[in-house]
Structure formats: structure tokens, C-alpha cells
Amino acid sequence: QVQLVESGGGLVHPGGSLTLSCAVSGKRLRNIESMAWHRQTPGQERRFVAGITDGGSTVYSPAVKERFTISREDDKNMVYLRMNNLKPEDTGIYYCNAVRESWGQGIQVTVSS
């Protein structure tokens with residue numbers, strides 16, 4: 001079974017940057033077809049943020065396109081989400097997802113002045 005552990009969250013001012021990391025274990029990342037990041041804000045459903053295939057193709061939600069970048073390092077079994085120009089509405093719990101396989105426990109990101 002795939003295990004996912006997120007790190008790198010925290011408090012940041014509007015306009016700032018953060019990089020989330022997702023450590024993958026239990027399976028080689030190169031054998032996982034797609035990885036994704038989702039986020040959940042209070043009172044809302046968990047929503048897709050960004051995804052990346054094993055071939056490196058990426059897709060983003062319109063809300064984060066041009067500001068966030070998803071990447072993967074198969075040799076290190078790591079997935080990342082670089083978040084620039086953060087806005088208060090980016091606040092939420094961010095989840096790493098091995099598509100159709102597993103979810104991480106989530107990590108808090110708070111954007112506030």
C-alpha cells in the first residue's frame with residue numbers, strides 16, 4: 001500500500017511563497033501513474049489543485065494556474081507543489097494523492113497578514 005506524508009505547510013503572508021513536499025513510500029513513484037494535490041477549506045469539499053502524470057504532463061485548476069507548479073522526482077520518491085503569490089483564499093488543508101491508490105493525512109497552509 002502506498003503511504004504519503006506531506007510537509008512544508010505553515011503560515012505565510014499574502015504574496016509569499018511555500019513549497020509543499022510529499023514523501024511516497026510503499027511503492028516506487030515511477031510506478032504510480034498520476035499524482036495530485038487537493039485542498040479543503042472549512043465548509044467546502046476537497047477540491048483538485050494540480051496533477052502530474054508519470055510522463056510529466058501537468059494540469060492545474062484555474063484558481064492556481066500560473067501561480068502553482070507541481071513536480072515529481074521519481075529517484076527520490078518525492079512530489080512537490082511550489083506555490084507563489086499566495087492569496088488568503090489559498091488557505092486550507094492540502095492533501096497529496098496517489099490517484100486511485102492513496103491519500104496523505106493533509107497539511108495546513110494559512111495565508112494571512
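What's counted below: heavy atoms across the whole structure, side chains too, no hydrogens, waters or symmetry copies. All of these numbers come straight from a predicted model, not from anything done at the bench.
Summarising the geometry of Arg30 relative to Asp54, their closest heavy-atom pair is O-CB, 4.5 Å, with the distance given to 0.1 Å. Of all the heavy atoms in Thr41 and Gly92, the pair that sits closest is CG2-CA, 4.1 Å. Contact detail for Ser113 and Pro14: the closest heavy-atom pair is N-CD, 3.7 Å.
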For Tyr95 and Leu4: C-alpha separation, side-chain torsions, deciding distance, then whether side-chain contact (heavy atoms from CB on, under 4.5 Å) applies. CA-CA 9 Å; Tyr95 296 90; Leu4 307 173; over 6 Å; no
What verdict does the side-chain contact (heavy atoms from CB on, under 4.5 Å) test give for His13 and Leu86, after you've listed the backbone C-alpha separation in whole Å, the side-chain angles of each residue and the deciding distance to 0.1 Å? CA-CA 8 Å; His13 293 310; Leu86 282 160; over 6 Å; no
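Side-chain contact between Ile32 and Lys27: present, with at least one pair of heavy atoms (C-beta onward) separated by less than 4.5 Å. Contact annotation: the side chain of Ser25 never approaches that of Asn77 to less than 4.5 Å [non-hydrogen atoms, C-beta and beyond].
With hydrogens and angles ignored, the 3.5 Å screen pairs a side-chain donor or acceptor of Thr91 with a backbone N or O of Val111. Panel note: side chain Asn97, backbone Ser102; a donor-acceptor pair is recorded below 3.5 Å. A donor-acceptor contact shorter than 3.5 Å links the side chain of Arg72 to the backbone of Leu29.
Linking Ile, Leu, Val, Met, Phe, Trp and Tyr residues whenever their side-chain heavy atoms come within less than 4.5 Å leaves Phe48 and Tyr60 in two separate clusters. Using a 4.5 Å cut-off between side-chain heavy atoms of Ile, Leu, Val, Met, Phe, Trp and Tyr, with links allowed through other members, Val2 and Val79 fall into the same hydrophobic cluster. Under a hydrophobic clustering in which Ile, Leu, Val, Met, Phe, Trp and Tyr are joined whenever their side-chain heavy atoms come within less than 4.5 Å, directly or via other members, Met78 and Trp37 fall into different clusters. Under the 4.5 Å side-chain heavy-atom criterion for grouping Ile, Leu, Val, Met, Phe, Trp and Tyr, Tyr80 is not connected to Leu18 through any hydrophobic cluster.
Residue pairs meeting the salt bridge (charged side-chain N to carboxylate O under 4.0 Å, His left out) criterion with at least one member in residues 86-100, sequence neighbours excluded, are Glu33-Arg100, Arg39-Asp90, Arg67-Asp90.
With rounding to the nearest 0.5 angstrom, the CE atom of Met35 is 9.5 Å from the CD1 atom of Ile52. Atom NE2 of His38 and atom CH2 of Trp103 lie 3.5 Å apart (nearest 0.5 Å). If you take CD1 on Ile107 and CD1 on Ile93, they are separated by 10.5 Å, rounding to the nearest 0.5 Å. Within the model, atoms OG of Ser17 and CG of Asn85 stand 8.0 Å from one another, a figure rounded to the nearest 0.5 Å. In this structure, Gln3 CD and Cys22 SG are separated by 11.0 Å, a value rounded to the nearest 0.5 Å. Summarising the geometry, atom OG1 belonging to Thr69 is positioned 11.0 Å from atom CE belonging to Met83; distances are rounded to the nearest 0.5 Å.
Other residues, nucleotides and ligands contribute only 12 or fewer heavy atoms inside 6.0 Å of the CD atom of Gln105. More than 12 heavy atoms of other residues, nucleotides or ligands sit less than 6.0 Å from atom CD of Gln44.
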